[in-house]
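Reading through the structure tokens given below for one structure.
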Amino acid sequence: MPFYRMKLVFWLLDINYEFADSEPEIRLWGISEEGRRVLVIHRGFYSYFYVVPKQDMVQETMEKIENMRGRLSQIVGTEIVERKYFGKPLKVIKVVCKDPAVLEDYAKKISKLEQVERCLEYDIRYSMKYMVDNEVSPCSWHELEVEEVKEGPNAQVDAVYLAKEVPRKVERESSPELRVLAFYPIYYSKRGSPKPERDPVIMIATLNSSGEAKIFVSNGDDSEVIRGFTEYVREYDPDVIVGFESNQKHLLYLKERSKTLGVDFSITRTGTEIHTSAYGHISITGRANVDLYDFVEDIAAIKLKTLENVAEYFGVERPRRIREYEIPSYWDDPSKRKELKEYAAECSRSIMGVASSILDFAIQLSELVGIPLDHVGTAAVGFKVEWYLIKEAHKRGELVPERVERPYRPYPGAIVLEPKPGRHEKIAVLDFKSMYPSIMIAYNVSPDTYVPPEEIKESEDYYIAPEVNHAFRKEPPGFYKEVLSELLKARNQIREKLKSLDPESPEYRALDARQKALKVIANASYGYSGWIGARWYIKPVAEATTAWGRATIRQTISIAKEMGLELIYGDTDSIFVKYEPDKVKSFLKSVGEKLRMEIKVDKVYERVIFTEAKKRYAGLLPDGRLDVVGLEVVRGDWPDVARKVQRRVLEIMLREEDLERAKQDAISYVREFISELREGKVPYDDLIIWKEITRPIEEYKARGAHIEAAKMMIEAGWELEPGDKVGFVILKGEGKLYQRASPYFMASIEDVDLEYYVRNQVIPAALRILSVFGVKEEDLLSEREGLMAFL
DNA sequence: GCCAGGCGTATACCG
DNA sequence: ACCGGTATACGCCTGGCG
């Protein structure tokens with residue numbers, strides 16, 4: 001049968017590569033326009049690195065490299081090309097190698113030549129290099145000529161093709177219909193965290209995007225659970241496998257458990273094993289493994305990232321509360337086992353529900369920054385920004401700098417004003433739109449426009465940053481200026497278009513997700529510029545940006561004062577002023593003209609309360625909502641008793657017009673609450689204090705309650721890693737706080753030192769607000785206690 | 001021996 | 001493994017003190 005060529009249009013889901021028969025090949029996994037699952041094999045793309053010679057020795061370097069080719073046998077070609085490095089045009093030598101694994105080694109060897117300044121781009125992974133070089137993007141459509149392969153590699157797809165050319169990006173209305181499978185496993189462990197070599201997987205609940213739910217339950221041998229799940233994955237053949245904590249926990253567990261049991265767990269499209277890959281994600285070749293947890297980590301509003309809380313945040317079905325340590329009691333009791341099954345099914349539904357909100361965003365982010373869908377969530381923000389920059393650099397012929405180790409040296413940041421403590425009426429919050437990106441654009445602040453003092457020339461025009469005096473060329477537009485202008489422009493265009501769309505339409509959802517992705521990258525760009533790990537790190541870039549930021553806000557303040565606006569507070573790029581509509585209007589206009597930066601009214605508080613502290617306040621919005629910033633209410637390391645009391649106190653103090661009456665109401669409320677608390681009439685969960693473990697336990701220098709609680713958990717068989725949160729309560733008894741801490745599930749309300757919660761949690765949280773209005777601790781205690789406190 | 005005050009450590013927040 | 005600025009709690013040490 002003759003092979004025939006055809007045009008293929010496909011959407012790129014996953015990419016990997018093989019090095020077989022001394023030939024590297026790229027494998028592009030995707031979905032065709034017709035909805036077929038396809039594998040496109042691209043042979044003949046050889047990776048490369050650049051050699052930057054001293055510019056008067058280009059030919060000489062070339063000859064030296066040619067002479068080395070006998071030893072460096074993987075080199076298949078060398079070529080002198082023109083590129084830019086930090087904006088400066090250079091002649092460089094492109095060294096192409098067959099085996100991508102040798103790049104770093106060859107680059108190191110060639111770097112030793114005295115004619116060579118440095119080597120570049122030897123440290124970019126082959127599959128990423130392929131995409132950047134050919135402008136191929138994950139989660140987008142491409143077309144190319146292909147030839148069908150009949151005797152292809154083992155792959156669970158409808159067709160395998162050989163690429164006959166480089167794929168070209170094409171525009172299509174939307175993403176293909178993806179087959180999504182949500183899964184949630186349950187393990188049985190009586191002693192702490194489940195261990196794959198010891199504890200069985202008693203259930204795996206699944207739900208697919210067609211609404212089919214299946215649950216695999218152990219009948220005493222969990223091999224059946226894993227086998228059933230594995231077979232089902234192969235049968236349903238999902239494009240996306242979505243879970244909650246699947247990267248850190250579940251997939252590794254299932255892999256290890258299948259090893260222990262000697263049962264097959266090949267859920268990839270190649271029949272190979274899943275494996276840990278870039279940025280710590282688990283790669284399921286041919287499919288995209290998406291862990292919702294990776295995306296939820298960035299949502300600051302969810303304090304404790306349980307599936308229950310995440311589902312609640314997204315407004316989807318949430319599972320009933322069964323905690324990990326309770327699982328054996330459900331499994332072992334025949335009358336409760338059914339409930340555990342329902343719980344697992346609920347978890348899979350919650351995951352699918354949350355996924356339908358998050359996947360659009362993940363897809364857009366993946367397409368924007370160029371990191372494949374399965375690890376765009378695990379890559380830290382800095383790397384997301386960086387891949388976006390790498391893609392943009394390639395389009396401009398800019399070489400990608402090496403990653404180098406540097407010492408950490410802090411530099412000054414933003415200005416925060418002292419607030420005027422007390423209760424204020426009608427306060428407008430005015431802020432600059434994307435201040436740092438706007439500064440970088442306005443003053444052409446960029447790694448390639450920065451001119452060190454010794455290179456300053458009379459003939460050139462510079463922007464000079466205040467305070468720090470760093471100089472940036474006015475022309476031509478720098479790398480950051482170009483990239484940021486495009487990001488902001490794209491986002492504004494999308495936001496404009498969204499106004500004309502139905503919020504329920506798929507197009508709206510996709511575009512809204514797109515504008516959020518653009519926002520993430522634009523907002524992180526200043527942080528990236530000051531990150532010592534950044535490839536494009538130039539300290540003066542970050543230093544100048546904050547210096548212009550400080551100057552901007554200072555000038556804004558003085559204009560406000562000149563115009564007679566009453567200033568209440570300000571932080572970085574915002575000022576809070578008494579809202580006088582006409583004055584504010586002309587103020588905005590004046591600032592916009594004088595500073596060449598757009599300032600706008602962000603919101604107007606009907607009423608707002610400031611204490612003496614910076615970065616902490618609460619305001620009442622026109623729609624009646626309470627906006628709490630920085631205070632205990634929004635801090636995850638205070639127990640709910642304190643947070644709830646403070647929220648209620650704020651509500652009373654902001655909603656009641658008569659300040660004196662508000663004060664009395666608040667005092668009565670707190671007093672009543674305290675007496676209930678003392679009687680133990682509060683939910684036990686409201687007493688739990690959650691704190692993050694930020695490092696391995698043995699690395700702590702200080703003693704603290706959460707660390708002691710963590711030690712107790714470890715002793716009981718729980719595994720705790722940096723990033724985990726420990727929930728503990730303070731018990732009655734003698735000694736330091738840390739001597740009286742206990743993991744919450746090892747104690748009950750009868751053991752709890754309620755007096756500690758009164759004195760050290762509820763009262764401080766309430767007084768944080770009330771002390772501004774002259775309320776003292778004794779006002780919140782009973783008369784007798786108050787008197788005693790007074791004496 | 002007690003304790004107030006200062007300092008260091010730790011966490012989580014703001015923009 | 002994104003920045004600096006900030007608040008706050010608790011542990012621990014130290015100097016003053018009949």
Side-chain angles (χ1 to χ4, degrees), chain A residues 278-280 297-298 300-301 303-304 378-386 389 403 405-406 408-419 429 431-437 520-537 539 541-543 545-547 549-550 553 569-576 602 611-617 627-639 642-643 689-695 697 699-708 710 722-723 725-726 730 735-741 756 759-761 764-765 767-768:
Chain A
Y279 306 120
E297 271 188 314
D298 304 330
K303 301 297 162 187
L304 190 62
T378 57
V381 184
F383 295 108
K384 288 176 197 155
V385 172
E386 192 151 274
L389 291 176
R403 204 179 289 294
E405 261 194 64
R406 307 179 175 91
Y408 168 71
R409 299 222 193 283
Y411 60 89
I415 291 177
V416 189
L417 304 185
E418 293 287 346
V429 182
D431 66 5
F432 287 97
K433 268 177 141 179
S434 322
M435 188 167 90
Y436 288 151
V520 166
I521 300 306
N523 282 352
S525 57
Y526 152 71
Y528 174 83
S529 77
W531 173 38
I532 54 169
R535 288 174 186 266
W536 274 279
Y537 177 79
K539 195 177 165 208
V541 167
E543 235 173 358
T545 304
T546 57
R550 291 191 296 275
I553 202 76
Y569 177 64
D571 184 350
T572 311
D573 60 352
S574 70
I575 60 166
F576 292 51
D602 180 35
T611 71
E612 287 185 350
K614 296 170 173 180
K615 297 190 182 276
R616 317 187 111 203
Y617 56 90
D627 196 13
V628 185
V629 179
L631 292 162
E632 282 72 8
V633 170
V634 298
R635 291 187 61 105
D637 59 347
W638 282 70
R643 296 170 64 193
I689 302 166
W690 294 91
K691 274 196 163 80
E692 196 185 298
I693 296 292
T694 60
R695 65 199 83 170
I697 298 297
E699 283 176 27
Y700 279 95
K701 283 189 247 176
R703 288 183 167 255
H706 73 298
I707 307 164
E708 292 307 309
K725 286 210 174 177
V726 172
I730 299 298
K736 293 281 181 194
L737 216 55
Y738 65 80
Q739 293 165 312
R740 299 192 283 126
Y756 164 80
R759 300 276 176 172
N760 295 54
Q761 301 289 343
L767 279 184
R768 194 86 60 220

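Just so you know, these numbers use all the heavy atoms, side chains as well, and skip hydrogens, waters and symmetry mates. Throughout, a chain's letter reflects where its sequence line sits, starting with A, and its residues are numbered from 1.
If you measure from atom CG of A/Leu304 to atom P of B/dC13, you get 11 Å, rounded to the nearest angstrom. Per the geometry, CD belonging to A/Glu699 stands 14 Å off P belonging to B/dT9, to the nearest Å. Atom P of nucleotide C/dA1 and atom OH of A/Tyr528 are separated by 16 Å, given to the nearest angstrom. Here the P atom of nucleotide C/dA9 and the CZ atom of A/Arg703 are 22 Å apart, to the nearest Å. Rounding to whole angstrom units, CD of residue A/Glu297 and C1' of C/dC2 are separated by 14 Å. Atom CE in A/Met435 sits roughly 13 Å away from atom C1' in C/dG5 (whole-Å rounding). Taking atom CD1 of A/Ile693 as the reference point, atom P of B/dT9 lies 18 Å away to the nearest angstrom. C/dC3 atom C1' lies 4 Å from atom OH of A/Tyr411, rounded to whole Å.
Counting any heavy atom pair closer than 4.0 Å across all strands shown, A/Phe432 reaches no nucleic acid atom. A/Arg403 comes within contact range of no nucleotide atom at all, as no heavy-atom separation falls under 4.0 Å. Residue A/Gly630 is in sugar-phosphate contact alone, with no base atom involved, counting any heavy-atom pair closer than 4.0 Å across all strands shown. No engagement by A/Phe576 is indicated, since no non-hydrogen atom pair under 4.0 Å with the nucleic acid exists. Note on A/Gly533: nothing from the nucleic acid sits closer than 4.0 angstrom, heavy atoms only. Across all strands, A/Tyr436 comes closer than 4.0 Å to no nucleic acid atom at all (heavy-atom distances). Among the protein residues, A/Ala542 comes within range of no part of the nucleic acid, since none of its heavy atoms lies under 4.0 Å from any strand. Among the protein residues, A/Arg550 comes within range of no part of the nucleic acid, since none of its heavy atoms lies under 4.0 Å from any strand. Across all strands shown, A/Lys384 has no heavy atoms under 4.0 Å from either base or sugar-phosphate atoms. Using a 4.0 Å heavy-atom criterion, one finds that A/Ser525 contacts no nucleic acid atom at all. Within the 4.0 angstrom heavy-atom criterion, only backbone atoms of the sugar-phosphate kind lie near A/Tyr617; the bases stay farther away. A/Gly527 comes within contact range of at least one nucleobase, with a heavy-atom separation under 4.0 Å. Residue-level contact check: A/Val385 touches neither bases nor backbone, having no heavy atom under 4.0 Å from any strand.
For the residue pair A/Tyr526 and A/Thr546, no side-chain donor N or O sits within less than 3.5 Å of a side-chain acceptor on the partner.
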Intermediate values then yes/no, side chain to side chain donor-acceptor pair (under 3.5 Å), A/Tyr700 and A/Thr694: CA-CA 9 Å; A/Tyr700 279 95; A/Thr694 60; 3.2 Å; yes

Salt bridge (Lys or Arg N to Asp or Glu O under 4.0 Å) assessment of A/Lys615 paired with A/Asp571: CA-CA 8 Å; A/Lys615 297 190 182 276; A/Asp571 184 350; 2.8 Å; yes

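Using a 4.5 Å cut-off on side-chain heavy atoms (C-beta onward), A/Arg409 and A/Lys539 make contact.
Each of A/Ala702 and A/Arg635 has a nearest nucleotide on DNA chain C; the 5'-most of these lies closest to A/Arg635.
Contact between the side-chain N/O atoms of A/Thr694 and the OP1/OP2 oxygens of B/dT11 is found at a separation under 4.0 Å. Checking the phosphate oxygens (OP1, OP2) of B/dA10, no side-chain nitrogen or oxygen of A/His706 falls inside 4.0 Å. Neither OP1 nor OP2 of C/dA7 sits under 4.0 Å from any side-chain N or O of A/Arg768. An OP1 or OP2 oxygen of B/dT11 is reached within less than 4.0 angstrom by a side-chain nitrogen or oxygen of A/Tyr700.
Residue A/Val416 has its side chain nearest to C/dT6 when only C/dA9, B/dC14, C/dT6 are considered. Here the nucleotide nearest the side chain of A/Lys736, chosen from C/dG4, C/dC12, C/dA1, is C/dC12. When distances are taken from the side chain of A/Phe383 to each of C/dC2, C/dC3, B/dT11, the shortest belongs to C/dC2. Closest approach to the A/Asn760 side chain among B/dT11, C/dC10, C/dA1 is made by C/dC10 (side chain taken as heavy atoms from C-beta onward). Considering only the side chain of A/Lys615, B/dG15 comes nearest among C/dT8, B/dG15, B/dT11. Looking at the side chain of A/Thr572, the nearest of the listed nucleotides C/dC10, C/dA7, B/dG15 is B/dG15. Minimum atom distance to the side chain of A/Val634 is reached by B/dC14, of the listed B/dC14, C/dA7, C/dC3.
In plain terms, the two heavy atoms of A/Ile553 and A/Ser574 that are nearest each other are CD1-N, 3.7 Å. Considering every non-hydrogen atom in both A/Tyr279 and A/Ala379, the closest pair reads CD1-CB, 3.6 Å.
Under the Watson-Crick or G-U wobble criterion, with both distances below 3.5 Å, C/dG18 is left unpaired in every strand shown.
Results of the side chain to side chain contact (heavy atoms under 4.5 Å, CB included) test with A/Tyr436 over A/Asn523, A/Thr572, A/Asp573 single out A/Thr572 as the only residue that passes.
Base orientation of B/dG15: anti (glycosidic angle beyond 90° from 0).
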